[in-house]
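Notes follow once the structure below has been shown.
Letters go in sequence order (proteins before strands), and every chain restarts at 1. What you see below is based on every heavy atom in this structure, not just the backbone, and it leaves out hydrogens, waters and symmetry mates. Keep in mind that this is a model prediction, so the values were computed, not measured.
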Amino acid sequence: MTRKIVVTSALPYANGPIHIGHLVEYIQTDIWVRFHKLCGHECLYFCADDTHGTPVMLSARAAGIPPEQLIEKVHREHVQDFERFHVAFDNYYSTHSPENQHFSELIFKRLDEAGSIVKRQVEQAFCETCNMALPDRYVKGTCPRCKAEDQYGDSCEVCSATYRPTDMVNPTCATCRAVPVLRSSEHYFFKLADYEERLKVLIGQGYTQPSVANKLQEWFDAGLKDWDISRDGPYFGFKIPGESDKYFYVWLDAPIGYIASAKNYCDREGLDFNRLWPGEHASPSDSDEYELYHFIGKDIVYFHALFWPAMLQGAGFKTAKKLFVHGFLTVNGEKMSKSRGTFVTAATFAEHLDTEYLRYYYASKLNDSVHDLDLSIEDFVNKVNSDLVGKFANLASRSGPMLTKKLEGRLGELDADGRALIDRMVAERSQIVQAYEALKYGAVVRHIVALADEANRYVESKRPWDTLKTDPELTRVTLTAVINAVRVLAVYLKPILPVYARKVERFLGLSELTMADLDSVLENHSINPFEHLFKRVEAKQVKKMIESSKEPETSGSSGDSSNDTPSFKEQCDMSDFGKIDLRVAAIKEADTVEGADKLLRLTLDVGRVDRNVLAGIALAYKPEDLVGRKVVYFSNLKPRKMRFGVSEGMVLAAGGGGKEVYLLEPDDGAQPGDEIR
RNA sequence: GGCGGCGUAGCUCAGUUGGUUAGAGCGUGGGAUUCAUAAGCCUAAGGUCGGUGGUUCGAGUCCACCCGUCGCUACCA
């Protein structure tokens, strides 16, 4: 049975280059697509650039070009990066396309008709200088909780607090540093909660891996919230029909890009889009002709397991059969880092190393789980050299040249031993196919390597270099088996190593190998001169690649390139300072707080009175070390009710929070209760 | 703290519904070879499967607790 399959990878954002982290997904997906094509299935692979939203708009502004020009440039770069890594999309399109606009408007309209869209006023930060509403990430300021400076508007990287930009102390616009104002605006919302039951059914049908389903259950338990799907202009995106200055939020039209890419392909290739992805003119039940699959990373599960299928359901479009979620890439066990040089772009990798190495390495470590995948440099070098060079390439290179140089390059026929070898290798087919299908590429690779080992042992046992002197025809028989083994391996490896497979095809004088070629053997056939298959990797080359990827660590933890002069707060006068009553206090008692791991309960001697303060310093100080110490106490801060009691003011400390807390201490002579001026 | 994941040889990872002496690759030691891109072959060493209890005739595999680690989430005025 010929299956018809449509596959997508997540749309990379058009604001930066493809890097080796992205490539986990594209390589994983591409292998799956190539595998299906190898099996003779109709398999179409669609993707596109995700082009809309504030970051693209601002990048274009900064570059002094229109966003259209920016995304065009990035599109070219992305296409080139994917080509280098042999990621073969059937269509690589753009969300900034007429098709995408059409489907975005259509889906929005249908969701509206279904009563799933509501309008509501929201308060948001607005920068009058930039003349735009500021997304959370574009507001910077001081964390309202730990007072760390230069934090994003949604959460603090120092103390991991989450808050709204409007809660920040001294918020500023991240681009121009102006102080944003609060503005009220009407936004459109998608009522996600209306789809809870239908989503649960979908997930119950095995839409995601079980571990992802568990995570989704947590979100269901927490309650599905309405999703803000509009943004006020100026915004780079599609205008909402009937509105003069409101646009679809980038995350609304991004996944619709899958549909747009498919539609664009169908129109070009003369395929019936309505059968491929039913919904526009037909109801989903009309056709199950095509199986639909999405590949994504775990960071965007919420969008693809909740918003996206709900949108499709609400608009009457077909939803995917499965969502395959993978983990992140780590390098040498750590997060990719620009300063360590492990943030390697696709282009840089391709400059230094054979891109098939990465395909092979990822394949050898990928499975169907959402676990992070570690690129261990040492392991990478070993695996490439040992498997690709030592096993696969070597098998061909110890048989092909001998045959072409000494035996006219002509295969003979298999004897019983040779037939047995090839039969054993072909017998693994169903196991390998199953493992490919189930995304267990690590198992695929282990199977194939074991077969290569067996073929290498076969050469060893037959010693063709000896028999060549005594019995050339027997040698021909041996090498016929070995060449057939090479051919079988090339078929199995083709989804992972398409270039290697092409070279083997050329060397063996064959046309495009497919899985069906395993049904036959190669006999009485002439082969071409051997061509080099893989070069060894030197650790040096990898080091060089890492070196050229290194960027100096920028100040601050955000990786942002803001200048180095510390930003001080707005000026104030003595009367402002006068409102603040700072006192010397002595710590009389300090205790841990039951149920709070960062809080200490301090009893302070503030002259004639005692005060109770809950201080977030438990990670930095032990209670017993604090008793007797003098501290600076903010006495007239309004008492705050907390889960663990009321805190009357606060003690002053430097540091970013967490373990980085350094209490201020007055010099000797200061007495509890003394005013600090 | 809550929820969830993870913790198997030096390294990277397999271990199917619990079933005989726990596996692979790389790396390391030894050996025999030399056709081959200094590749390949044989062989050895190396693990109380994070810890402690429990269920079971039997547990890396199930349960509880603990430790470590990661993610989300909460207090941290």
Looking only at side-chain N and O atoms, does A/S211 come under 4.0 Å of OP1 or OP2 in B/G5?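 For B/G5, neither OP1 nor OP2 has a side-chain N or O of A/S211 closer than 4.0 Å.
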Query raised in the report: Is the distance from OP1 or OP2 of B/C13 to the nearest side-chain N or O of A/K365 less than 4.0 Å?
Result: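 Yes.
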So which nucleotide does [N] pair with, by the Watson-Crick or G-U wobble rule with both distances under 3.5 Å?
N: B/C49; result: none
N: B/U55; result: none
N: B/C3; result: B/G71
N: B/A44; result: B/U28
N: B/A77; result: none
N: B/U33; result: none
N: B/A39; result: none

Atom-pair distance ([atom1] on [X]; [atom2] on [N]), nearest Å:
X: A/L373; N: B/U12; atom1: CG; atom2: P; value: 12 Å
X: A/D466; N: B/C41; atom1: CG; atom2: P; value: 17 Å
X: A/D387; N: B/U37; atom1: CG; atom2: P; value: 19 Å
X: A/R611; N: B/A77; atom1: CZ; atom2: P; value: 17 Å
X: A/D372; N: B/G71; atom1: CG; atom2: C1'; value: 9 Å
X: A/L366; N: B/U12; atom1: CG; atom2: P; value: 17 Å
X: A/Y458; N: B/A36; atom1: OH; atom2: P; value: 20 Å
X: A/N382; N: B/A24; atom1: CG; atom2: C1'; value: 15 Å

_Toward the 5' end of RNA chain B, by each residue's nearest nucleotide, A/K535 or A/S364_ =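 Nearest-nucleotide comparison on RNA chain B picks A/S364.
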What integer number of Å spans the P atoms of B/U43 and B/G23?
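So the two P atoms sit 15 Å from each other.
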| said: Roughly how many Å apart are B/G15 and B/U8, using the P atom of each and rounding to a whole number? | reply: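 These two P atoms come out 14 Å apart once rounded.
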When you measure from the side chain of A/S376, which nucleotide among B/C13, B/U12, B/U37 comes out closest?
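Among the listed nucleotides, the one closest to the side chain of A/S376 is B/U12.
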At under 4.0 Å between heavy atoms, what does [X] touch on the DNA or RNA strands: base, sugar-phosphate, or nothing?
X: A/N367; answer: sugar-phosphate
X: A/K391; answer: sugar-phosphate
X: A/L533; answer: base

Flag the pair A/R583 and A/D674 as a salt bridge only when some basic side-chain nitrogen lies within less than 4.0 angstrom of an acidic carboxylate oxygen.
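A/D674 and A/R583: not salt-bridged.
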Taking NZ, NE, NH1 and NH2 as the nitrogens, is one of them in A/E473 or A/R476 under 4.0 Å from a carboxylate oxygen of the other?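 Looking at A/R476 together with A/E473, the answer is yes, because their closest N to O distance falls below 4.0 Å.
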* More than 12 heavy atoms of other groups within 6.0 Å of A/K406 NZ ->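 Not more than 12 within 6.0 Å, no.
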Donor-acceptor contact present, side-chain A/Y633 to main-chain A/V613, <3.5 Å: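 Judged by distance alone, no pair lies under 3.5 Å.
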So does A/P495 get a backbone contact from the side chain of A/R359, meaning a donor-acceptor N/O pair under 3.5 Å?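 Yes: the side chain of A/R359 pairs with the backbone of A/P495.
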- Task: Return the set of residues passing ring-ring contact (aromatic ring centres under 6.0 Å, His included) with A/W219 (not counting sequence neighbours), or none when no residue passes.
- Result: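 Only A/Y302 meet the ring-ring contact (aromatic ring centres under 6.0 Å, His included) criterion with A/W219.
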